[in-house]
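Chain letters run A, B, ... following the sequence lines, proteins first, then strands; residues in each count from 1. No hydrogens, no waters, no symmetry mates; every other heavy atom, side chains included, goes into these values.
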Amino acid sequence: MEEREKQVKREGLPALNNAEKGNVVLRFAPNPNGPLSFGHARGITINGEYAKEYDGELILRFDDTDTTVKPPLLEAYDTIQKEAEWLLGFKPHRVVIASDRMAEYYRHVEMMLDGEFGYVCQCSADDFREFRVGKTNCPCRDNNVNLNRDLWAKMLDGTFQPGDCVVRVKTDMTLKNPALRDWPALRIQDTISNPHPREEIGSKYRVWPLLDFQSAVEDFLQGVTHIIRGKDLMDSTRKQTLLYQHFGWKYPETMYWGRVKVHEWGGFSTSQMRKDIESGKFTGWADPRLPTIAGLSGTGIQAAALRNFWKELGVTQKDIAVPLATLYSHNIKVIDDDAPRISFIRNPVELTMVGFDEDEIKVPRHPNNQNLGVRKINLTSKTIFIERDDLEFSQLRLKEFGDFEINDNTATFVAKERTDKRRIVHWASKDSCSDAKLVAVSDGKLTSVEGKIEANDFTNGTPVQLERIGYGIISDSNIITYTHD
RNA sequence: GCUCGUAUAGUGUAGUGGCCCAUCAUAAAGGACUCUCAUUCCUUUGACCCGGGUUCAAAUCCCGGUACGAGCACCA
């Protein structure tokens, strides 16, 4: 009998269509109305992985063209760049800010008006909805070039107010898909009351492009070859393809992913988080309860774990719900080999040692990785801490130390070697530890346990493993944040 | 309502006509190792939405149904 050949799972991400190594340009385009969240990480890591794989370029583009509904946040420009770099493991090759590119967008509007595939529409949103539903042309569609140019000038000079008119792309009002019928490309915003947060932009422009137009023009100008984004933007692709046809451009290759939910988190939107932070419900964008990149990295989730997580989910269009355990398993794989072991004693009980004379012992920092060296523990005062819960047994083995007999706050030394199968517990020496707090999130709530942390000189952000508790990260000299078990 | 999209073990994912009594991971259960309730290793459990059709052959193609999701914004 011949062995049946076992099939193998494809490694990594699926191949890009029509991609030539060294000739691939991708982009990730967030609205900087808040720092990056968990969901954004998908866009960054997937596009970034493809850029790496194909020797291509990744553009980080700030789509900051709405000053009213989802206004940008000034500090987000900076934090997003830092967070993107952290996630990617490299700097984006180009950074583009839409609000710096208004002249280009205006230039293309004029091309559109002159080419008669765009028009200024003075119908109200409600009126136009009827045309859209009824598949009938709006009267403004017949404006000639001169009229459109005149109206456009009046949009720019302030004659028209927000809501008075928009620029539309001429498609076809009888198109099957209602979303595509003469879609709006630019509108007027009241940037006096709602100035753009970037000082150099402020109230400089009143007419702003909408996503479908801005993104389409910018993708062309930047030479984007592949767009990988959420499937909620599928109709956006169709709208933009129609615009590309007018301009005579070739639309990039596209790929889409579906919605991802994490079981343990409810729905978090950037705007909602922003409100909750302002109201004091959360301490800030880095609040460990929030599914932001800052929150996740603050609780000890590593960038590589996030990358592996998103790579594993791939680019399927299914809507999925993933348990946090999946992310945690990736994180353990990333950190365990190098995470120093360290004792944290919850609810510490002070014990005096009897029968042990040495003033220092050495304990390995990691059971399997000797490169991490040893920790020297000072025992001069012969005073140690163990967890109250471990007092349940009177015969205990202090891990990597010795067997002890516990009686009334006294720990009597029995032997260095193991003499029996007594319970092994972690401990800390009074001379080599300090007061600390273990902060954790459970069921969306923040909890904090006081205790003793073994002396260490790890810098903030070092992932560690708290013996018998789980993985954590050093957040401050006396604060450890729990990551997962 | 119109339009678009997706459906593989508990959760994800691979597989685009025969190597598939279906891949891998995760989860759960059991076990080995271990001076941590960690890591590592082993074993077990467990899936092609339903109904037709095409074909010698269908998870894979076609049609219908069902379920879920998205778009139809002067948000991104």
Side-chain angles (χ1 to χ4, degrees), chain A residues 2 4-11 14 29-33 62-72 98 121 123-125 128-129 132-133 135 162-168 175-181 183-189 207-208 210-212 214-215 229-239 256 258-260 263 270-271 308-309 311-314 316-323 325-330 332-333 335-337 339 341 343 363-364 366-369 397-403 416-418 421-426 465-471 485:
Chain A
E2 276 183 47
R4 175 179 282 142
E5 250 182 75
K6 277 289 172 197
Q7 93 182 89
V8 283
K9 180 167 174 160
R10 189 202 68 227
E11 270 303 306
N31 176 356
N33 64 336
F62 291 103
D63 281 353
D64 57 345
T65 56
D66 177 74
T67 64
T68 322
V69 184
K70 292 178 180 170
C121 170
C123 302
S124 69
F128 193 84
R129 187 170 306 124
R132 179 168 49 233
V133 174
K135 300 186 181 183
D164 287 350
C165 53
V166 295
V167 177
R168 292 189 181 277
L175 248 23
K176 266 174 53 177
N177 188 341
L180 312 184
R181 298 172 195 157
W183 51 272
L186 297 98
R187 82 320 203 166
I188 303 169
Q189 298 192 93
V207 182
W208 286 83
L210 288 153
L211 168 89
D212 292 315
Q214 177 269 130
S215 176
R229 58 183 170 190
K231 68 172 181 181
D232 50 313
L233 263 14
M234 270 181 163
D235 279 347
S236 201
T237 293
R238 299 185 181 102
K239 290 189 216 175
Y256 307 94
R259 287 182 81 86
V260 174
H263 283 145
T270 301
S271 338
N308 295 339
F309 172 85
K311 262 198 285 190
E312 190 180 55
L313 296 196
T316 61
Q317 291 184 31
K318 267 201 277 189
D319 299 316
I320 55 176
V322 191
T326 305
L327 176 60
Y328 291 161
S329 77
H330 283 291
I332 290 171
K333 287 195 177 82
I335 62 177
D336 185 71
D337 284 349
R341 271 44 179 173
S343 282
V363 174
H366 193 292
N368 316 315
N369 182 354
R397 173 160 187 88
L398 303 191
K399 190 166 182 291
E400 305 281 2
F401 182 6
D403 285 1
K416 269 196 171 181
E417 297 308 316
R418 301 193 65 174
K421 288 283 184 189
R422 64 183 66 195
R423 171 188 282 231
I424 297 160
V425 302
H426 65 298
Q465 194 207 56
L466 306 173
E467 283 187 295
R468 296 176 67 226
I469 298 177
Y471 296 89
D485 54 19

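- Defined by atom type and a distance below 3.5 Å, a donor-acceptor pair is present between the side-chain atoms of A:Thr237 and A:Arg229.
- With contacts defined as side-chain heavy-atom distances shorter than 4.5 Å, the pair A:Val322/A:His263 does not qualify.
- To the nearest whole angstrom, the two P atoms, one in B:U66 and one in B:A29, are 40 Å apart.
- B:A27 and B:G12 have their P atoms separated by 15 Å, with the value rounded to a whole Å.
- Whole-Å rounding puts the A:Lys176 NZ to B:C2 P distance at 12 Å.
- A:Asp319 and A:Lys231 are joined by a salt bridge, as a carboxylate oxygen and a charged side-chain nitrogen come within less than 4.0 angstrom of each other.
- Counting heavy atoms of neighbouring residues, nucleotides and ligands inside a 6.0 Å radius, atom CZ of A:Arg259 does not exceed 12 of them.
- One P atom belongs to B:C49, the other to B:G10, and the distance between them is 12 Å to the nearest Å.
- Comparing B:U8 with B:A59, their C1' atoms sit 7 Å apart, to the nearest whole Å.
- Put simply, A:Lys318 has a side-chain N or O that comes within less than 4.0 Å of OP1 or OP2 on B:U13.
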**Request:** Could you go through the side-chain contact (heavy atoms from CB on, under 4.5 Å) check for A:Tyr471 and A:Leu466 one step at a time?
**Result:** CA-CA 6 Å; A:Tyr471 296 89; A:Leu466 306 173; over 6 Å; no
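- Considering only side-chain atoms of A:Asn31, the nucleotide from B:A76, B:U26, B:C74 that sits closest is B:A76.
- A salt bridge does not link A:Asp164 to A:Arg187: none of the charged side-chain nitrogens sits closer than 4.0 Å to a carboxylate oxygen.
- Inter-residue side-chain proximity for A:Leu175 and A:Lys135 is flagged as unmet; no heavy-atom pair is nearer than 4.5 Å.
- Within the nucleic acid shown, A:Cys123 comes within 4.0 Å of at least one base atom, counting heavy atoms only.
- Put simply, the side chain of A:Leu398 reaches to within 4.5 Å of the side chain of A:Val425, judged on heavy atoms.
- The interatomic distance linking A:Phe309 (CZ) with B:U13 (P) rounds to 10 Å, in whole Å.
- Salt-bridge check for A:Asp403 with A:Arg418: failed, with every basic side-chain N at 4.0 Å or more from each acidic carboxylate O.
- Regarding contacts with the backbone of B:A76, a side-chain N or O of A:Thr65 is found under 4.0 angstrom from either OP1 or OP2.
- The interatomic distance linking A:Lys311 (NZ) with B:U13 (C1') rounds to 15 Å, in whole Å.
- Using a 4.0 Å heavy-atom criterion, one finds that A:Ala321 contacts the sugar-phosphate atoms exclusively.
- Considering only residues two or more places apart in sequence or on other chains, A:Glu467 meets the salt bridge (charged side-chain N to carboxylate O under 4.0 Å, His left out) condition with A:Arg375, A:Lys399.
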Mind listing the N/O atom pairs, protein and nucleotides 63-70 of chain B, below 3.5 Å?
from, atom 1, to, atom 2, distance (Å)
B:G69, O4', A:Asp319, OD2, 3.2
B:G69, O2', A:Asp319, OD2, 2.8

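- The gap from the P atom of B:C74 to that of B:C62 amounts to 36 Å, rounded to the nearest Å.
- Backbone-only engagement by A:Ile320 is indicated by non-hydrogen atom pairs under 4.0 Å involving sugar-phosphate atoms exclusively.
- For the C1' atoms, the distance linking B:U6 with B:U55 amounts to 26 Å, nearest Å.
- Looking at A:Ser329, its side chain does come within 3.5 Å of a backbone N or O of A:Thr326 through a donor-acceptor pair.
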**Asked** What one-letter contact string describes nucleotides 33-42 of chain B from 5' to 3', where B marks a base within less than 4.0 Å of any protein heavy atom, S marks contact via sugar-phosphate atoms alone, and - marks no contact?
**Response** --BBBBB---
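- Nucleotides B:G17 and B:U44 have their P atoms positioned 32 Å apart, rounded to a whole Å.
- Residue A:Asp212 contributes atom CG, which lies 9 Å from atom P of B:A76 at whole-angstrom precision.
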**Derivation of the salt bridge (Lys or Arg N to Asp or Glu O under 4.0 Å) call for A:Arg238 and A:Asp212** = CA-CA 10 Å; A:Arg238 299 185 181 102; A:Asp212 292 315; over 6 Å; no
**Message:** Between A:Gln214 and A:Thr65, is the side chain to side chain donor-acceptor pair (under 3.5 Å) condition met? List the steps.
**Reply:** CA-CA 8 Å; A:Gln214 177 269 130; A:Thr65 56; 4.6 Å; no
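- The CZ atom of A:Arg187 sits 7 Å away from the C1' atom of B:C74 (whole-angstrom rounding).
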**Message:** For RNA chain B, please output the secondary structure as dot-bracket, reading 5' to 3'. Pairs are Watson-Crick or G-U wobble, both atom distances under 3.5 Å; mark crossing pairs with [ ], other-strand partners with |, unpaired with a dot.
**Reply:** (((((((..(((.....[.....)))((((((.......))))))...(((((..]....))))))))))))....
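- A:Lys239 has its NZ atom 17 Å from the P atom of B:U3, to the nearest Å.
- Checked against salt bridge (charged side-chain N to carboxylate O under 4.0 Å, His left out), A:Arg181 has no partners two or more places apart in sequence or in another chain.
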Every protein N/O within reach of nucleotides 14-16 of chain B N/O, cut-off under 3.5 Å:
from, atom 1, to, atom 2, distance (Å)
B:A14, O2', A:Arg10, N, 3.1
B:A14, N3, A:Gln7, NE2, 3.2
B:G15, OP1, A:Arg10, NH1, 3.4

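- For CG of A:Asp485, the number of neighbouring non-hydrogen atoms (other residues, nucleotides, ligands) closer than 6.0 Å is 12 at most.
- Taking atom P in both B:U13 and B:A57, one finds a spacing of 32 Å when rounded to whole Å.
- Taking the nucleotide of RNA chain B with the nearest heavy atom to each of A:Leu210 and A:Pro178, the more 5' of the two is matched to A:Pro178.
- Atom CG in A:Asn308 sits roughly 14 Å away from atom C1' in B:U13 (whole-Å rounding).
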**Prompt:** Could you go step by step and tell me if A:Phe401 and A:Val363 meet the side-chain contact (heavy atoms from CB on, under 4.5 Å) rule?
**Reply:** CA-CA 8 Å; A:Phe401 182 6; A:Val363 174; over 6 Å; no
